[in-house]
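In this text the structure is predicted, and so the values were computed from the model without any measurement.
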Amino acid sequence: MTKPARDNQTTFNITGRVRPMSRRTMLKGLGVAMALPMLDAMGTGQALAAGGSSATPTRMAMVFAPNGVNYDHWLPKKEGKRYAMSPTLKPLEGVQKHINIMTGLTLDKARANGDGPGDHARSSATFLTGAQARKTSGNDIRIGVSVDQFAAQQVGGKTLLPSMEIGMESGRSSGRCDSGYSCAYVSNVAWADEDTPMPKITNPLEVFERMFGEVDTKNVEAQNLNAKAQNAKRDRLLRRKSILDYVMQDTQRLERRLGKNDRKKIDEFQTSIREIERRVQMNTSSEQKLLPDIKPPTHQPTKLSERIDLMYDMMVLAFRMDVTRISTFMLGNGGSNARFDELDIRDGHHTLSHHRNNAEMVEKIRKIDRYYVEGFAKFIQKMADTPDGKGTLLDHSMVLYGSGISDGNRHNHENLPIIMAGTANGSISTGRVIENRRETPLCNLYVSMLDRMGADVAEFGDATGRLSNLKA
Amino acid sequence: MVPLLLTAAASLLIGLFVWQPEVQGAGPSIPSNPNKAQAQAKRDPLAAELETRLTKDIRPLIRNYCYECHGNGKKKGGVSLDGPGDIKSIMDGVEDWLTVVEVINLGLMPPEKKPQPTAHEKLTIQQWVDDASEYYPADAKPDPGWYTIHRLNRSEYRNTMRDLLGIDPAKHDLAAQLPSDDTGYGFDNNADVLSMSPLQLERFLESAEKAIELALNSENKGGLYDEVFFIKPTADDKGNRLPDADGKKRITESQAARQIIEHFAKRAFRRPTNSGEVATLLRLYRSARQGGDSYESAVRLMLTATLVSPNFLYRPIANPKPHDPDFIYELNDYELASRLAYFLWSSMPDDRLLDLAKAKQLRKPEVLKSQVHRMLMDPRSDALVENFSGQWLLLRKLDDLEMDPRKFPAFNDDLRDAMRSEAELFFADVLRENQSVLTFLDSDRTFLNQRLAEHYGIRGVNGSDFKRVDLPADSPRGGVLTMAATLTVTSHATRTSPVKRGDYVLAQLMGSAPPPPPPDVPPLEVATQAVGAEKTLREQLAAHVADPNCAVCHKRLDPIGLAMENFDAIGAWRDREQGKPIDASGELPGGVAFNGPIELKAAMMERQDAFVENLARKMLTYAVGRGTEPFDRPTIKKIVQTVERDRFRMRSLIEAIVLSDAFTKARGRKTQP
């Protein structure tokens with residue numbers, strides 16, 4: 001355990017339920033950390049990560065959908081061993097054998113727990129961290145490390161990018177975000193530590209360039225790296241290395257003059273330097289060639305669905321080329337008010353999510369839910385169609401799709417809509433509805449995912465154990 | 001484990017409340033001596049409000065739920081909730097009040113068998129305790145607050161590169177690929193929120209490479225190009241004369257490199273460099289030369305590295321006791337120059353400011369004032385217009401706003417741009433002409449081009465250029481509130497939102513935002529379905545006031561927004577809605593009544609003190625890049641008084657901020673737990 005999950009101030013109420021204290025009352029010290037009981041005999045992470053079969057690495061992708069769903073139309077009907085897709089999940093029929101529908105999972109720390117309104121900010125902030133966001137507009141942001149970063153910090157060093165953060169909406173440009181929560185909580189799901197978000201890229205071409213270097217958009221065909229270009233690239237990387245050496249020295253000099261709070265800021269800087277140094281090192285020591293069939297996404301489609309597809313494509317590409325094994329994708333920011341011209345829906349997503357069972361608005365929400373699921377289904381199909389080692393990419397992946405809010409109308413955080421896809425090198429049995437006991441922490445699933453990534457995890461978020469039902 | 005925790009929680013309840021003397025019946029607070037009562041007459045309104053709320057809202061609740069054991073002289077477990085209820089006793093007892101909230105929220109109190117407060121009642125108590133715990137007397141000594149090392153945000157980076165290197169951002173936007181900055185307290189220059197990630201640093205590195213390449217391109221003469229190539233080495237480092245160096249003063253390549261970097265780093269770091277800093281940069285040059293780089297290439301490397309240095313990307317201060325909250329550090333002249341430049345220009349200080357800093361003149365109040373004047377008249381202060389007004393007035397929201405084209409076919413990019421221009425030009429005019437800030441509330445002129453004038457139904461403005469226009473005497477326009485930009489960013493895609501407009505007035509302008517709605521609140525269309533969609537918005541909104549839970553806030557929000565119902569969702573005038581004439585009358589709790597925008601503006605003008613205080617708070621937040629805290633109240637009060645004395649002039653507001661302790665000083669901050 002290199003980096004302990006943050007000790008949220010927790011206490012028990014009379015009924016014994018864990019509940020964090022309100023922001024103000026945090027002042028009092030009743031803190032208690034919860035260590036994970038070693039509940040199951042699943043064995044060590046390494047064994048799981050290897051999948052027992054091949055050396056093909058396991059990939060992990062987390063897709064965040066904003067505003068919850070209409071749960072009535074989400075939950076599939078179980079029919080004996082099989083289950084029939086719900087109207088919303090219908091687009092996933094083609095890949096049904098590759099997925100699991102998870103029920104009963106809860107994000108307790110996304111609940112108010114004394115902090116009042118702000119469920120949308122909490123739903124994004126807590127989604128991958130399982131931690132209670134400190135309610136602040138800025139001073140003293142505090143949440144916890146997210147599951148993807150937890151994995152990246154331990155096992156991400158094997159690829160060019162330890163992790164890749166992408167999304168459809170950039171940060172809010174002005175105004176308040178959600179009920180007194182900083183916009184940082186709303187526009188990020190990935191957190192390197194308790195107060196450092198990992199910003200996302202929202203332009204597919206920028207994602208591409210981050211993986212493969214700058215694209216000459218005027219001359220895409222000639223892209224494929226002749227010897228001269230290769231040399232120039234190597235030269236630039238070497239220069240970068242010496243620049244980073246200098247910056248590190250300069251940073252150490254500066255750090256000595258600073259107080260602890262500022263040092264934390266500079267720590268972020270140093271961590272970033274080291275990460276880029278590592279990447280430069282990797283880039284100079286390995287020949288990186290684009291495959292001929294890979295084209296940079298030089299055109300930004302106007303349709304939202306096509307832009308979403310393109311972003312998913314970048315994720316497939318990253319996994320296929322083993323540029324990274326860990327990625328997060330925000331379909332929208334927390335409380336996203338995206339509009340859906342293709343569906344002829346003029347009101348924003350968030351506005352509509354508060355439908356209070358108005359038939360017309362519920363119908364629009366269902367359309368939006370299904371629209372997002374369609375994009376996800378195409379992505380899963382592509383993963384299943386992409387060869388990787390002795391199988392397909394999907395065989396070697398676990399993809400989580402879901403929201404930090406269950407029903408957008410009720411803003412509840414139990415029974416979250418969560419889909420898992422891929423067998424993670426044969427360590428997950430798919431094609432099922434996996435029912436969990438009510439109030440099972442979503443973080444229990446995350447711990448099980450971290451095991452499969454080969455990360456060493458003793459505690460994470462509000463996890464109380466592992467899920468033992470992933471493998472039938 | 002659980003019993004242990006329960007014990008711990010229970011121990012909180014022991015020896016709690018300290019208020020004396022106990023007051024039977026706990027009626028309205030009775031001041032303990034007559035002097036105090038006198039002092040109360042001209043006392044802090046915030047203190048008075050807290051006292052009133054205690055008496056009116058909180059006492060009845062705790063009397064109901066707690067007094068059976070903890071009031072009227074009873075103190076079960078040593079806990080009594082009696083108390084005189086004046087601000088001093090509230091402040092003294094704040095820790096205990098926090099415990100009350102805690103035990104109520106934890107469900108420990110009232111005991112299970114006793115009547116329980118409703119969620120709304122719990123919230124009422126919690127909000128009062130929250131407010132009480134944030135109370136800070138306005139007359140206390142100003143506390144400068146802490147300083148957090150400040151990373152350049154996108155706009156600051158873009159402008160700094162422009163001024164440092166002479167690269168025109170319109171041609172080459174070096175900030176284009178930087179990730180968007182998160183905002184805090186409404187602004188994207190909040191030091192605590194501005195973070196660093198590998199992606200961010202990678203982009204800074206790429207931008208630095210690109211910037212030096214561009215700056216040293218011979219097509220980019222002026223700026224850095226001249227500085228670098230003006231210094232020409234005449235000999236190599238072994239002492240051999242270089243080919244075309246005949247007759248010129250002898251200067252080796254190493255010496256030239258040193259001169260270049262000494263000059264550049266000083267400007268990039270916005271302060272004199274020390275020898276260690278220069279030496280490290282020169283080491284980079286030397287190792288590049290040893291590795292076979294040409295002189296020029298090695299110089300480029302050194303320059304690029306400077307732009308990735310934390311001394312360039314961040315603005316640190318040299319507070320020697322950063323952990324001591326009692327030690328007040330005065331920013332040195334260079335630090336002050338940077339703070340001033342990033343406030344007014346979102347960019348680095350220019351030579352004039354750096355010279356004044358070098359001469360240790362800058363901190364003199366009259367020098368600071370004259371610099372403020374000079375800087376506001378400089379076009380670089382457009383950044384203040386764009387960034388401050390863009391975020392204060394929510395103009396940036398216009399950028400990604402989409403209106404339903406079927407309902408508002410007139411809304412297109414031309415109109416969108418015109419809306420933004422009007423507001424920005426108006427703000428710039430107040431700033432540069434040093435007008436009263438009350439002009440934001442109401443004004444008899446504005447800035448229009450033909451497109452926007454037609455939208456407003458005003459004749460005689462031709463062409464796409466903007467000009468200052470005197471508004472007709474009976475025009476409802478004038479001031480921020482009735483600008484199309486404001487009216488549009490506070491609307492939904494398909495209709496107006498009196499609630500959002502009310503919230504805008506309260507939160508952005510008057511500084512008294514009501515708490516956000518409870519989570520399960522439905523949008524209007526649903527809540528009012530029973531009323532029927534063919535009804536006017538006013539009729540639909542009546543549902544709010546019918547529900548007491550909603551009424552608390554909506555009695556304040558809705559009347560304000562409804563007074564502006566004559567403006568549609570893109571700010572055009574209309575007389576009817578749903579075929580019925582618009583009723584724009586309203587009354588706020590407390591009996592302030594108005595009908596339509598003109599009277600609403602007059603009513604806001606009556607509360608000009610609140611407006612000025614709010615503007616001062618927002619601008620201070622922006623100026624120091626830190627959210628304001630309760631301890632900033634004395635600073636803000638002082639600023640407001642200065643502004644009032646100078647007939648509310650804009651420049652006096654900026655000067656007062658620049659001269660305030662919060663701007664010129666900083667204290668340490670205890671490490672976070």
- A:Phe340: partners by ring-ring contact (aromatic ring centres under 6.0 Å, His included), with sequence neighbours left out: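 Listed in chain order: A:His349, A:Tyr371, A:Tyr372.
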- Residues in ring-ring contact (aromatic ring centres under 6.0 Å, His included) with B:Tyr147, at least two apart?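 For B:Tyr147, no residue satisfies ring-ring contact (aromatic ring centres under 6.0 Å, His included) once neighbours in sequence are set aside.
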- Sub-3.5 Å donor-acceptor pair from the side chain of A:Lys265 to the main-chain atoms of B:Asp192, do we have one?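 Yes; judged by distance alone, with no hydrogens or angles, the pair exists.
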- Check: B:His492 side chain, A:Asp347 main-chain N or O, donor-acceptor pair, under 3.5 Å: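 No, because the side chain of B:His492 does not come within donor-acceptor range (under 3.5 Å) of the backbone of A:Asp347.
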Where on [X] is there a heavy atom nearer than 4.5 Å to chain B: the side chain, the backbone, both, or neither?
{"X": "A:Arg239", "answer": "both"}
{"X": "A:Arg274", "answer": "neither"}
{"X": "A:Arg339", "answer": "side chain"}
{"X": "A:Asn412", "answer": "neither"}

Please flag which part of [X] lies under 4.5 Å from any non-hydrogen atom of chain A: side chain, backbone, both or neither.
{"X": "B:Arg300", "answer": "both"}
{"X": "B:Ala208", "answer": "neither"}
{"X": "B:Leu199", "answer": "both"}
{"X": "B:Glu629", "answer": "side chain"}
{"X": "B:Ser287", "answer": "neither"}
{"X": "B:Leu194", "answer": "backbone"}
{"X": "B:Phe312", "answer": "neither"}

Please name the pair of heavy atoms, one in [X] and one in [Y], separated by the smallest distance, quoted to 0.1 Å.
{"X": "B:Pro198", "Y": "A:Arg210", "answer": "C-NH2, 4.2 Å"}
{"X": "A:Val247", "Y": "B:Pro310", "answer": "CG1-CD, 4.0 Å"}
{"X": "B:Val193", "Y": "A:Ser137", "answer": "CG2-O, 4.2 Å"}
{"X": "B:Leu205", "Y": "A:Ile243", "answer": "CD1-CG2, 4.0 Å"}
{"X": "B:Leu301", "Y": "A:Ser242", "answer": "CD2-OG, 3.7 Å"}
{"X": "B:Gln177", "Y": "A:Glu209", "answer": "OE1-OE1, 4.2 Å"}

Relative to chain B, which of [options] shows the most heavy atom pairs under 4.5 Å?
{"options": "A:Gln249, A:Met248, A:Arg257", "answer": "A:Gln249"}
{"options": "A:Ile266, A:Thr271, A:Ile141", "answer": "A:Ile266"}
{"options": "A:Thr251, A:Asp341, A:Leu238, A:Leu161", "answer": "A:Thr251"}
{"options": "A:Ser272, A:Gly348, A:Ser182, A:Pro197", "answer": "A:Ser272"}

- Query: Knowing that exactly one of B:Met403, B:Arg406, B:Lys407, B:Glu402 qualifies, which makes a side chain to side chain contact (heavy atoms under 4.5 Å, CB included) with A:Arg346?
  - Reply: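 The single option meeting the side chain to side chain contact (heavy atoms under 4.5 Å, CB included) with A:Arg346 is B:Arg406.
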- Message: Regarding B:Arg669 and A:Asp140, does a basic nitrogen lie under 4.0 Å from an acidic carboxylate oxygen?
- Response: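 Judged by the 4.0 Å cut-off on N to carboxylate O distance, B:Arg669 and A:Asp140 do form a salt bridge.
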- Query: Using 4.0 Å as the upper bound for N to carboxylate O, is an ion pair formed by B:Arg203 and A:Glu206?
  - Reply: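 B:Arg203 and A:Glu206: salt-bridged.
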- Message: Taking NZ in B:Lys122 as the centre, count heavy atoms belonging to other residues, nucleotides or ligands within less than 6.0 Å. Is the count above 12?
- Response: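 Yes.
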- Query: Is A:Gln252 atom CD crowded by more than 12 heavy atoms from other residues, nucleotides or ligands, each under 6.0 Å away?
  - Reply: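 Check passes, neighbour count above 12.
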Option that, when pairs with chain A are counted at under 4.5 Å, heavy atom only, ranks first among [options]:
{"options": "B:Gly291, B:Gly276, B:Pro320, B:Ala288", "value": "B:Gly276"}
{"options": "B:Ala191, B:Gly184, B:Ser195", "value": "B:Ser195"}
{"options": "B:Ala493, B:Ser197, B:Gly668, B:Pro322", "value": "B:Ser197"}
{"options": "B:Arg151, B:Glu209, B:Gln200", "value": "B:Glu209"}

- Which is it for B:Leu313 and A:Phe269 under the side chain to side chain contact (heavy atoms under 4.5 Å, CB included) test, yes or no, and what are the steps along the way? CA-CA 10 Å; B:Leu313 295 173; A:Phe269 191 71; 3.9 Å; yes
- Task: Could you please spell out the steps behind the side chain to side chain contact (heavy atoms under 4.5 Å, CB included) verdict for B:Asn311 and A:Asp250?
- Result: CA-CA 8 Å; B:Asn311 286 299; A:Asp250 205 31; 3.2 Å; yes
- Euclidean distance, A:Tyr246 OH relative to B:Thr280 OG1, rounded to 0.5 Å: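 Rounded to the nearest 0.5 Å, the OG1-OH separation comes to 6.5 Å.
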- Query: In Å and rounded to the nearest 0.5 Å, what is the CG to CZ distance from B:Asn274 to A:Arg253?
  - Reply: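 B:Asn274 CG to A:Arg253 CZ: 6.0 Å, rounded to 0.5 Å.
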- Task: Apply side chain to side chain contact (heavy atoms under 4.5 Å, CB included) to B:Glu206 and A:Arg240, showing your working.
- Result: CA-CA 9 Å; B:Glu206 285 164 12; A:Arg240 278 193 182 173; 3.2 Å; yes
- Message: Using the rule given for side-chain hydrogen bond (donor to acceptor under 3.5 Å, both in side chains), can you reason through A:Ser187 versus B:Asp182, listing the C-alpha separation, both sets of side-chain angles and the distance that settles it, and then say yes or no?
- Response: CA-CA 8 Å; A:Ser187 50; B:Asp182 286 315; 2.6 Å; yes
- Start with the C-alpha distance between A:Asp245 and B:Arg283, add both sets of side-chain angles, then the distance that settles salt bridge (Lys or Arg N to Asp or Glu O under 4.0 Å), and finish with yes or no. CA-CA 11 Å; A:Asp245 286 348; B:Arg283 245 199 321 273; over 6 Å; no
- Within a strict 4.5 Å, meaning less than it, do heavy atoms of the B:Pro316 and A:Leu258 side chains meet?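 They are in contact (side-chain heavy atoms under 4.5 Å apart), so the answer is yes.
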